[in-house]
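Okay, structure first, notes after.
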Amino acid sequence: MAGNVLGIFAKQPLPGRVKTRLCPPFSHEQAAQLYQICLEETVAAMAQAPAERVLFYDGDRNFFEQTFPGLRLLPQSGGDLGRRLDQALQQLFTAGWQRAVLIGSDSPDLPVKLVADAFAALASYELAVAPARDGGYVLIGESRHSPQLFSDMPWSTAELWPATRHRAAELGLSYCELDEWEDLDDLAALQRLYRRAPESPTALLAARLLAPNPFL
């Protein structure tokens, strides 16, 4: 674990600010409940990762202190996602960590093994990425920070990982492409989560909220 840090990006689960692509079938209040469980499931699972955890939060610090007592908290910077990822990694490397991995809170069943694989890869590579099913990525890690990977990129599109891979090649970075996973962005992804991990707290809550016909 020495030298490894895992940053988890999180938003305060306020109605209308999280999981809006799941509305409908969920109400905004239900989507916020679902996001909170998703976040809590992610943080709990990542306690098994071979790294210290840091939560990069967006919202009221008091909420995160009360929900995750004892977890190291850092505020996300302003700007687009690229700017926030860049600044988070810069902070972690400046603080002295040797290998830094960032994940979101939208993949509640993200395997801890995939995170461990990323840290293992960073012993030999400068960049490790787990692509997302939609063309983005669910995890990005570095052993040396390269701000150019986060500037002028097609965020929230299917071109993000191909563009990142192309940029890494332009920069001469060694990179490792890990196994693919997916974010919980829409109803189809939620259906797959339910089939893949029906006992996941996130899947169970979704089924309860949408009962009696959860996934029609």
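Along the sequence shown, residues carry numbers from 1. Here the structure is a predicted model, which means the values were calculated and not measured. For the numbers below, each heavy atom of this structure counts, side chains included, while hydrogens, waters and symmetry mates do not.
Of the inter-residue distances, the one linking Asp117 atom CG with Cys176 atom SG reads 8.0 Å to the nearest 0.5 angstrom. The distance from the CG atom of Leu139 to the CD atom of Glu180 is 13.0 Å, given to the nearest 0.5 Å. In this structure, Cys23 SG and Leu187 CG are separated by 11.0 Å, a value rounded to the nearest 0.5 Å. The OG atom of Ser143 sits 6.5 Å away from atom CZ of Phe93, with the distance rounded to the nearest 0.5 Å. With rounding to the nearest 0.5 Å, the separation of CG in Leu92 from CD in Glu52 is 10.0 Å. Once rounded to the nearest 0.5 Å, the distance linking CZ of Arg195 with CG of Leu190 reads 10.0 Å.
Phe63 places none of its side-chain heavy atoms less than 4.5 Å from the side chain of Leu14. Two residues are said to be in side-chain contact when any heavy atoms from C-beta on lie closer than 4.5 Å; Asp106 and Tyr35 meet this criterion. Looking only at side-chain heavy atoms (C-beta outward), Tyr57 and Leu39 stay at 4.5 Å or farther from each other. Two residues are said to be in side-chain contact when any heavy atoms from C-beta on lie closer than 4.5 Å; Arg192 and Arg133 meet this criterion. Side-chain contact check for Cys38 versus Pro108: some heavy-atom pair is nearer than 4.5 Å. Side chains of Gln98 and Leu122 form no contact here, defined as non-hydrogen atoms less than 4.5 Å apart. With a 4.5 Å cut-off on side-chain heavy atoms, Leu173 and Arg144 count as touching.
Other residues, nucleotides and ligands contribute only 12 or fewer heavy atoms inside 6.0 Å of the OH atom of Tyr125. Environment of CG in Asn62: crowded, with over 12 heavy atoms of neighbouring residues, nucleotides or ligands closer than 6.0 Å.
Residues passing the salt bridge (charged side-chain N to carboxylate O under 4.0 Å, His left out) test with Arg208, sequence neighbours excluded: none. Remark: Glu177 engages Arg165 in a salt bridge (charged side-chain N to carboxylate O under 4.0 Å, His left out) (not counting sequence neighbours).
Ring to ring, Phe56 and Phe9 are close: their centroids are under 6.0 angstrom apart.
No donor-acceptor pair under 3.5 Å is formed between the side chain of Gln33 and the backbone N or O of Pro13. In this structure, Asp183 contributes its side chain and Asp185 its backbone to no donor-acceptor pair below 3.5 Å. In this structure, the side chain of Arg167 engages the main chain of Ser151 through a donor-acceptor pair within 3.5 Å. Using modelled atom types, one side-chain atom of Glu126 and one backbone atom of Ser174 make a donor-acceptor pair closer than 3.5 Å. In this structure a side-chain-to-backbone donor-acceptor pair under 3.5 Å is present from Arg53 to Val43.
Under the 4.5 Å side-chain contact rule for hydrophobic residues, Phe26 and Tyr194 share a cluster. Cluster annotation: Met153 and Leu171 are assigned to the same hydrophobic cluster (Ile/Leu/Val/Met/Phe/Trp/Tyr, side-chain heavy-atom contacts under 4.5 Å, transitive). With hydrophobic clusters built from ILVMFWY side chains whose heavy atoms lie under 4.5 angstrom apart, Leu193 does not share a cluster with Val18. Val5 and Leu89 fall within a single hydrophobic cluster, where Ile, Leu, Val, Met, Phe, Trp and Tyr are joined by side-chain heavy atoms under 4.5 Å apart, directly or via other members. Put simply, Leu160 and Trp181 are part of two different groups of oily side chains (I, L, V, M, F, W, Y) that touch within less than 4.5 Å, one to the next.
When all heavy atoms are compared, the tightest approach of Thr202 to Leu34 is O-CD1, 3.6 Å. Residues Glu182 and Ala189 come closest through the heavy atom pair OE1-CB, 3.8 Å. When all heavy atoms of Ala130 and Asp179 are compared, the closest pair comes out as CB-O, 3.5 Å. Looking at every heavy atom in both residues, Leu74 comes nearest to Val54 through CD1-CG1, 3.8 Å. Across all non-hydrogen atoms, the minimal contact from Tyr137 to Val129 is CB-CG1, 3.5 Å. Contact record, Pro198 with Leu204: O-CD2, 3.4 Å, taken as the closest heavy-atom pair.
Using a 4.0 Å cut-off between charged side-chain N and carboxylate O, Arg17 and Asp58 make a salt bridge.
Inspection of the Ser200 and Glu41 side chains reveals an N or O donor paired with an N or O acceptor under 3.5 Å. Inspection of the Gln87 and Gln91 side chains reveals no N or O donor paired with an N or O acceptor under 3.5 Å.
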- Task: Evaluate the side chain to side chain contact (heavy atoms under 4.5 Å, CB included) criterion for residues Ile8 and Leu71: first the C-alpha distance (whole Å), next the side-chain angles of each, then the deciding distance (0.1 Å), finally the verdict.
- Result: CA-CA 11 Å; Ile8 303 170; Leu71 191 62; 5.7 Å; no
- Task: Evaluate side chain to side chain contact (heavy atoms under 4.5 Å, CB included) for Glu142 paired with Leu102, printing each intermediate quantity in order.
- Result: CA-CA 9 Å; Glu142 294 182 317; Leu102 297 182; over 6 Å; no
- Could you go through the side chain to side chain contact (heavy atoms under 4.5 Å, CB included) check for Leu149 and Tyr175 one step at a time? CA-CA 12 Å; Leu149 290 173; Tyr175 67 87; over 6 Å; no
- Task: Apply side chain to side chain contact (heavy atoms under 4.5 Å, CB included) to Met46 and Leu110, showing your working.
- Result: CA-CA 9 Å; Met46 291 304 140; Leu110 181 71; 4.2 Å; yes
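When the options Val138, Leu114, Ile140, Thr42 are evaluated for a side-chain contact (heavy atoms from CB on, under 4.5 Å) with Ile103, the one that passes is Thr42.
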